[in-house]
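Right, one structure below, let's go through it.
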Amino acid sequence: MRRTHHCNELRQEHSGIDAILVGWVHSRRDLGGVLFIDLRDREGRTQTVFDPADLPKELFERASKLHSESVIEVSGKVRMRPTGTENAKIATGVLEVLVKSFTVLNLAEILPFPVDDPEVTAKVNEELRLKYRYLDLRRPEMMRNLRLRSRVGTATRVFMEQEGFLEVETPTLFKSTPEGAREFLLPSRTNPGEFFALPQSPQQFKQILMVAGVERYFQLARCYRDEDLRADRQPEFTQVDIEMSFIDREDIYALIEGLLARVWKTALGIDIPAPFKRITFADAMNQFGIDKPDTRFGMQLVDLTEDFRTSTFKVFSGAVASGGVVKAINAKGLACATQGQIETMTEYAKSFGAKGLAFIKCEGNEWKSPIVKFFSESEKVALKQKLAIEEGDLILFAADQWLNACEILGKIRLYCADVLKATGKLSIPAGQFNFLWVVDFPLLSYDKELNRWYSSHHPFTAAVEEDIPLLKTDPKKVRGQHYDIVVNGVELGGGSIRIHQPDVQKHIFEDILQISPDETQLRFGYMLEAFKYGAPPHGGIALGFDRLIAILCGSTSIRDVIAFPKTAKGTCLMTDSPSSVTPRQLRDLHIDVKTPKKE
RNA sequence: GGGGGUGUAGCUCAAUUGGUUAGAGCGCUGCCCUGUCACGGCAGAGGUUACGGGUUCGAGCCCCGCCACUCCCGCCA
């Protein structure tokens with residue numbers, strides 16, 4: 001191509017030169033005697049002018065029939081626009097290209113939806129946007145997201161390189177390890193009846209790389225999970241996957257704080273303060289009712305267990321008597337909550353097994369509530385003081401076992417924040433980023449139905465040194481060397497210091513998690529064997545790259561930062577996949593399909 | 001697997017809550033227009049109201065089913 005400049009390049013100093021531009025017809029303004037075509041490429045827009053006075057009639061008529069998004073090459077003279085006709089909205093707005101000739105590189109048909117109007121296109125049905133993703137991606141907002149993603153990826157690689165890390169690719173044809181997320185399976189043609197699985201993460205390979213002596217590994221790794229989707233979950237996604245040898249938790253914190261500082265500076269020009277605050281899992285639950293707190297607003301949980309231990313209100317005192325707690329939040333200014341909003345919150349509470357949701361509305365200088373008549377004077381004084389109750393407040397209670405009570409109020413706290421935001425009573429600055437390390441998670445959780453322990457994080461997580469004796473006596477109290485990085489209530493990533501002694505790892509698999517020795521050998525034998533030959537102490541972390549980019553782009557859905565995302569049902573509307581395959585393909589793979597095909 | 005929301009012209013949305021021929025803006029087609037940049041003006045075309053049943057004298061609207069998109073719960077070691 002003979003392109004001399006891109007469409008966001010010409011400036012005053014180019015006036016008078018000949019230029020050749022290529023791009024898409026962004027918009028056409030035909031004034032009868034003179035024709036303007038805004039030409040757009042990846043970089044921006046430039047106005048071109050077709051003057052019939054010095055153009056062949058045939059050429060002018062061809063130009064005046066061009067549809068939006070046709071691809072053309074124009075050549076002409078760059079000149080300053082006549083005084084008073086400059087367009088301050090675009091960077092090239094002081095000049096224009098007076099067209100001498102142009103070539104149609106490709107004609108565009110009428111588009112299924114407009115791409116030149118940001119306001120309209122942003123509202124276009126997502127189904128259409130996904131079907132015609134190549135049009136959707138032409139929108140400047142989407143192009144910006146792709147560009148930012150690329151820049152952050154590069155910044156990550158440069159930073160990690162500077163910190164001495166090697167980027168190592170790991171297989172995506174992996175072994176099925178049925179613990180954890182459901183996997184995508186791939187039948188093996190050459191090994192009838194056997195399957196690969198796509199990795200949920202490169203967890204085991206990166207630990208093996210530590211055994212191999214790589215010492216510092218990272219990868220922008222594609223990961224796959226065959227679980228149901230959400231706005232922030234796709235079946236294939238990207239992690240910034242990191243593993244280091246001879247380190248402890250502090251080394252990880254420092255590394256990630258450095259990486260995120262570099263990323264925020266690169267993407268947004270913002271200096272984020274480090275080190276990040278840290279909060280224990282227990283404190284996060286106690287204060288925010290969730291393990292990924294959004295600390296940009298208060299409304300923290302308040303413990304009232306002792307105040308109601310001997311209350312005549314049996315719902316509260318009964319919960320305490322059976323080992324539970326009484327907790328409450330003050331939703332400042334939400335006494336105006338509608339019946340529907342109270343009901344929504346009650347549903348949250350009920351979905352956690354509560355019988356209902358106790359509340360107090362502080363309106364007209366009185367406490368309006370179905371339960372306040374059961375409270376003694378001293379209980380009311382305690383409430384007023386601990387919750388700093390004022391006119392216009394809404395108090396919401398949970399009385400249940402500790403974890404349940406916390407989680408209920410955690411959900412309700414977020415819901416109240418949304419309502420307050422919608423009514424303008426709570427505002428959070430767009431550029432505020434509250435980073436937080438959540439630490440000291442319990443190593444193990446108990447599955448009541450299966451009557452056994454399972455790993456809160458994953459089975460390779462090491463226990464906090466001083467808690468190791470508790471493994472045999474009180475497993476629930478053992479803290480894992482696990483950490484999550486949270487920003488504004490979004491779990492950005494997590495990791496842990498790993499177990500590197502084969503006997504300890506075997507003990508976890510067989511004695512704690514109750515995986516049979518045979519099963520352990522089948523699934524993890526190679527790893528346990530690797531650890532016998534000199535495994536360094538090591539640990540790592542993985543950051544959700546898509547979520548990271550979404551946060552930087554201010555987007556609520558990671559679909560907006562993935563070039564070709566899947567729908568909520570896990571399909572691709574552009575390529576119409578997944579799709580059926582030929583009997584021949586199935587035969588080669590030794591597969592019989594029993595479910596009838598849908599038409 | 002469960003719950004909520006949406007589906008009307010190519011796009012974005014209306015349609016008095018069951019009542020005549022389903023409207024508007026943008027886009028599209030034609031004509032006019034020499035400094036526009038959301039160009040403007042005139043005229044026009046464009047509808048299986050996602051789809052399939054049902055109730056009714058009458059359904060875009062009510063009922064049942066179904067499909068798609070979307071949000072949430074479960075799930076995501």
Side-chain angles (χ1 to χ4, degrees), chain A residues 26-40 45-53 60 64-65 67-69 81-90 92-93 96 98 109-132 135 177-183 200-201 203-204 223-235 237 340 344 347-348 350-352 411 414-415 443-445 447 453-461 480 482 491 494 496 508-509 513 515 523-524 544 556-557 559 566-569 571 573 598-599:
Chain A
H26 186 73
S27 66
R28 191 188 68 211
R29 294 175 296 280
D30 187 346
L31 275 62
V34 63
L35 172 67
F36 299 100
I37 285 179
D38 280 357
L39 198 61
R40 186 198 74 240
R45 273 155 58 184
T46 301
Q47 174 168 282
T48 66
V49 195
F50 292 71
D51 187 340
F60 187 81
S64 68
K65 286 193 166 52
H67 280 139
S68 283
E69 299 302 311
R81 295 193 189 185
T83 308
T85 65
E86 300 89 353
N87 183 358
K89 289 181 198 164
I90 58 175
T92 59
E96 61 195 8
L98 181 64
E109 294 188 5
I110 309 297
L111 304 179
F113 59 87
V115 301
D116 61 338
D117 186 333
E119 281 181 35
V120 172
T121 317
K123 289 163 71 182
V124 169
N125 185 351
E126 191 155 7
E127 199 174 346
L128 266 186
R129 290 177 48 201
L130 290 173
K131 180 170 180 185
Y132 301 97
L135 297 181
T177 53
E179 298 240 344
R182 188 181 297 114
E183 301 161 321
Q200 312 164 31
S201 80
Q203 180 64 36
Q204 293 169 49
C223 306
Y224 307 86
R225 292 181 188 172
D226 188 11
E227 298 288 353
D228 286 346
L229 290 79
R230 289 285 190 282
D232 61 353
R233 271 164 35 190
Q234 284 272 309
F237 60 100
T344 301
E347 285 309 310
Y348 270 135
K350 285 183 176 170
S351 73
F352 280 90
K411 283 273 188 195
L414 291 177
Y415 177 80
L443 182 71
L444 300 161
S445 307
D447 187 323
W453 294 97
Y454 64 93
S455 301
S456 306
H457 181 50
H458 61 48
F460 314 112
T461 304
H482 166 200
E491 183 193 329
S496 62
I508 294 285
F509 284 143
L513 302 177
I515 302 172
R523 288 196 215 159
F524 304 110
T556 52
S557 165
R559 287 189 301 272
K566 301 286 189 285
T567 68
K569 279 219 174 118
T571 67
L573 295 177
K598 279 189 296 187
E599 272 314 316

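Naming convention: chains lettered A, B, ... in sequence-line order (proteins, then strands); numbering from 1 in each chain. Owing to the predicted nature of the structure, the values given are computational and were not obtained by experimental measurement.
rC73(B) and rC61(B) have their C1' atoms separated by 31 Å, given to the nearest Å. Of the P atoms belonging to rC13(B) and rG3(B), the separation is 27 Å, rounded to the nearest Å. Nucleotides rG52(B) and rG7(B) have their C1' atoms positioned 16 Å apart, rounded to a whole Å. Taking the C1' atom of each, rA68(B) and rA50(B) are spaced 8 Å apart, rounded to whole Å. Taking atom P on both rG4(B) and rC63(B), the two are 13 Å apart, rounded to the nearest angstrom. Comparing the C1' positions of rG44(B) and rA9(B) gives an interatomic distance of 15 Å, to the nearest angstrom.
Between Ser351(A) and rC73(B) there is no side-chain polar atom (N or O) within less than 4.0 angstrom of OP1 or OP2. Lys411(A) has a side-chain polar atom (N or O) that falls below the 4.0 Å cut-off from OP1 or OP2 of rC73(B). Distances shown here put a side-chain N or O of His67(A) below 4.0 Å from the OP1 or OP2 atom of rU29(B). Within the structure, a side-chain polar atom (N or O) of Thr571(A) is placed less than 4.0 Å from OP1 or OP2 of rC69(B). Between rC73(B) and Arg230(A), a contact under 4.0 Å exists linking OP1 or OP2 to a side-chain N or O.
For Glu183(A) and rC75(B), the CD to P distance is 18 Å, given to the nearest whole Å. Rounded to whole Å, atom P of rU12(B) lies 14 Å from atom CG of Asp116(A). Going from atom OH of Tyr454(A) over to atom C1' of rC75(B) covers 12 Å, rounded to whole Å. Protein atom NZ of Lys123(A) is 16 Å distant from nucleotide atom C1' of rG7(B), rounded to whole Å. One can place CD of Glu127(A) at 13 Å from P of rC71(B), the figure rounded to the nearest angstrom. Rounded to whole Å, the distance from NZ on Lys350(A) to P on rC73(B) is 19 Å. Across the protein-nucleic acid pair, Leu35(A) atom CG and rC32(B) atom C1' stand 15 Å apart, rounded to whole Å. Counting to the nearest Å, the P atom of rC76(B) and the OH atom of Tyr224(A) are 21 Å from each other.
Side-chain to base pairing of Arg129(A) with rC69(B): no donor and acceptor N or O lie closer than 3.5 Å to each other. At a cut-off of 3.5 angstrom, the base of rC37(B) holds no donor-acceptor pair with the side chain of Arg28(A). Scanning atom types as modelled, no donor and acceptor separated by under 3.5 angstrom connect the side chain of Asn125(A) and the base of rG7(B). A donor-acceptor contact under 3.5 Å is not formed by the side chain of Glu109(A) with the base of rG10(B). One N or O donor and one acceptor, one from the side chain of Gln47(A) and one from the base of rU36(B), sit under 3.5 Å apart. Side chain Arg233(A) to base rC76(B): a donor-acceptor pair is found below 3.5 Å.
Of the candidates rU70(B), rC37(B), rC11(B), the closest approach to any side-chain atom of Phe113(A) belongs to rC11(B). For Val124(A), whose side chain is taken as the heavy atoms from C-beta onward, the closest listed nucleotide among rU36(B), rC11(B), rC71(B) is rC11(B). With rU12(B), rU70(B), rG35(B) as the choices, the nucleotide that has an atom nearest any side-chain atom of Pro82(A) turns out to be rG35(B). In this structure, of rU36(B), rC37(B), rU70(B), it is rC37(B) that holds the atom nearest to the side chain of Asn87(A).
Pairing partner, rA68(B): rU6(B), with both Watson-Crick or wobble hydrogen-bond distances short of 3.5 Å. When both distances must be under 3.5 Å, the Watson-Crick or G-U wobble mate of rG46(B) does not exist. The base-pairing partner of rC37(B), taking Watson-Crick or G-U wobble contacts with both distances under 3.5 Å, does not exist among the strands shown.
Ring geometry for Phe509(A) versus Phe524(A): interplanar angle under 30°, hence parallel rather than tilted (30 to 60°).
The shortest distance between side-chain heavy atoms of Leu444(A) and Leu513(A) falls below 4.5 Å.
Note on Arg233(A) versus Asp228(A): no salt bridge recorded, every NZ/NE/NH1/NH2 to OD/OE distance being 4.0 Å or above.
Around NZ of Lys131(A), the count of heavy atoms belonging to other residues, nucleotides or ligands within 6.0 Å does not exceed 12.
The aromatic ring of Phe36(A) is stacked on the base of rU36(B), with the two ring centres less than 5.5 Å apart and the planes inclined by under 30°.
Side chains of Arg29(A) and Gln47(A): a donor-acceptor N/O pair is present below 3.5 angstrom, by distance only.
Of the two residues near RNA chain B, Lys89(A) and Leu128(A), the one whose nearest nucleotide lies more 5' is Leu128(A). Nucleotides of RNA chain B nearest to Pro52(A) and Pro114(A) differ in position, and the one nearer the 5' end is that of Pro114(A).
Residue-level contact check: Glu347(A) touches neither bases nor backbone, having no heavy atom under 4.0 Å from any strand.
Of the possible donor and acceptor atoms, one in the side chain of Thr48(A) sits under 3.5 Å from a partner among the backbone N and O of Ile37(A).
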